[in-house]
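Residue numbers start at 1 and run along the sequence shown. All figures in this text were calculated on a predicted structure; none of them were measured in a lab.
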Amino acid sequence: WILKGYAYVVEKRGRDEVIYWRCERKDELQRKGRLISDGDSIVKVSGLHCHTPDATLKEQAQVKDTIEHRSRSTRETTLQIVQEVTQSASLATVVQLPSQNSLRRRAQRARVAANAPPPNPASLEDIIIPQEYREALNGEQFLLHDSGSASGNKRFLVFSTQENITALAEADKWYSDG
């Protein structure tokens, strides 16, 4: 939470949507700037800060959010994303941001999390094939057959392209494993 140039981090969660926040610099400065929120509204602000407010905190958060969003939604390199996003930020904000390597790692983590594979199913009936796994990268159908979850332990899936099926049909010998 950012309020009047001070950044707060979650200290603990209360009942319902009540969250207790403390100044993110509390540990280094031993001050007790705090606030309590209930949902999206601030209920109470207390304590003193022994550091000046940072007017760039909000823009820093926006830069980091934009980097993460673009990492999840585009195919640009993380270097391109970081450079373009930081170029549009004010100089006062850019000098306060983490290093370019740190911002690139943030972008990579966001991209990995967004592209994480689905969890392993407990049984054949639990297999759900997401749309992105049903098509090849060129958009061609890749899941050619699914006998369905009603098949129980006899369920089978055929992953291939029509071109590869044609190549198999024309082959004199097939070799397989498994």
Side-chain angles (χ1 to χ4, degrees), residues 1-122 126-140 142-143 159:
W1 197 295
I2 298 172
L3 179 67
K4 297 181 181 177
Y6 296 107
Y8 296 85
V9 294
V10 174
E11 185 170 39
K12 66 180 179 178
R13 295 184 184 277
R15 294 186 180 156
D16 300 321
E17 294 185 23
V18 174
I19 301 175
Y20 297 86
W21 305 78
R22 66 166 176 79
C23 176
E24 74 173 355
R25 295 182 64 186
K26 175 201 174 260
D27 293 335
E28 70 185 76
L29 300 172
Q30 297 301 313
R31 285 299 181 130
K32 296 181 169 67
R34 298 181 186 282
L35 70 84
I36 301 172
S37 67
D38 188 356
D40 290 335
S41 59
I42 297 172
V43 176
K44 182 178 179 183
V45 178
S46 64
L48 299 172
H49 296 271
C50 66
H51 59 94
T52 58
D54 185 347
T56 68
L57 283 176
K58 196 168 202 165
E59 190 178 8
Q60 287 180 54
Q62 289 171 338
V63 166
K64 292 173 186 176
D65 288 346
T66 301
I67 287 171
E68 289 180 11
H69 174 73
R70 283 181 58 180
S71 296
R72 289 188 299 265
S73 61
T74 69
R75 294 282 177 211
E76 297 171 285
T77 67
T78 56
L79 179 61
Q80 285 175 309
I81 293 169
V82 169
Q83 286 178 340
E84 288 179 18
V85 172
T86 55
Q87 282 176 354
S88 64
S90 69
L91 182 59
T93 297
V94 171
V95 298
Q96 295 292 324
L97 286 169
S99 70
Q100 277 212 342
N101 284 338
S102 293
L103 293 172
R104 288 179 67 191
R105 282 194 304 274
R106 174 186 284 267
Q108 290 164 350
R109 284 191 300 270
R111 186 166 280 166
V112 166
N115 295 322
N120 288 332
D126 294 339
I127 295 175
I128 298 171
I129 312 293
Q131 187 60 37
E132 61 262 26
Y133 295 129
R134 295 173 184 247
E135 297 177 353
L137 293 175
N138 64 3
E140 185 180 356
F142 187 60
L143 175 60
F159 290 96

Across all chains, not counting sequence neighbours, the side chain to side chain contact (heavy atoms under 4.5 Å, CB included) partners of Val45 are Leu3, Tyr8, Leu35, Ile42
Hey, what do you get for [atom1] ([X]) to [atom2] ([Y]), rounding to the nearest 0.5 Å?
X      : Y     : atom1 : atom2 : answer
Gln108 : Thr77 : CD    : OG1   : 10.0 Å
Ser102 : Leu97 : OG    : CG    : 10.5 Å
Leu91  : Gln96 : CG    : CD    : 10.0 Å
Glu84  : Thr66 : CD    : OG1   : 12.0 Å
Trp21  : Arg13 : CH2   : CZ    : 7.0 Å
Glu68  : Ile81 : CD    : CD1   : 11.0 Å

What's the shortest heavy-atom distance between [X] and [Y], and which atoms?
X      : Y      : answer
Pro98  : Lys64  : CD-CE, 3.9 Å
Ile129 : Arg134 : O-NE, 2.8 Å
Phe142 : Tyr133 : CD2-O, 3.9 Å
Gln100 : Thr86  : NE2-OG1, 4.4 Å
Ala89  : Val94  : CB-CG2, 3.9 Å
Ala7   : Leu57  : N-CD1, 3.5 Å

Does Asn138 CG have over 12 foreign heavy atoms under 6.0 Å away? yes
The salt bridge (Lys or Arg N to Asp or Glu O under 4.0 Å) partners of Arg104 (sequence neighbours excluded) come to none
Sorted by chain and number, sequence neighbours left out, salt bridge (Lys or Arg N to Asp or Glu O under 4.0 Å) with Glu17 holds for none
Does any N or O in the side chain of [X] come within less than 3.5 Å of the main-chain N or O of [Y], such that one atom is a donor and the other an acceptor?
X      : Y     : answer
Asp16  : Val18 : no
Arg111 : Ser71 : yes
Glu59  : Ser90 : yes

>> Once you measure the plane-to-plane angle for His51 and Tyr6, does it fall in the parallel (<30°), tilted (30-60°) or perpendicular (>60°) bin?
In response: perpendicular
Please step through side chain to side chain contact (heavy atoms under 4.5 Å, CB included) for the pair Asp54 and Gln60, ending with a clear verdict. CA-CA 10 Å; Asp54 185 347; Gln60 287 180 54; 3.5 Å; yes
Going by atom types alone, do Glu135 and Gln131 pair a side-chain donor with an acceptor below 3.5 Å? yes
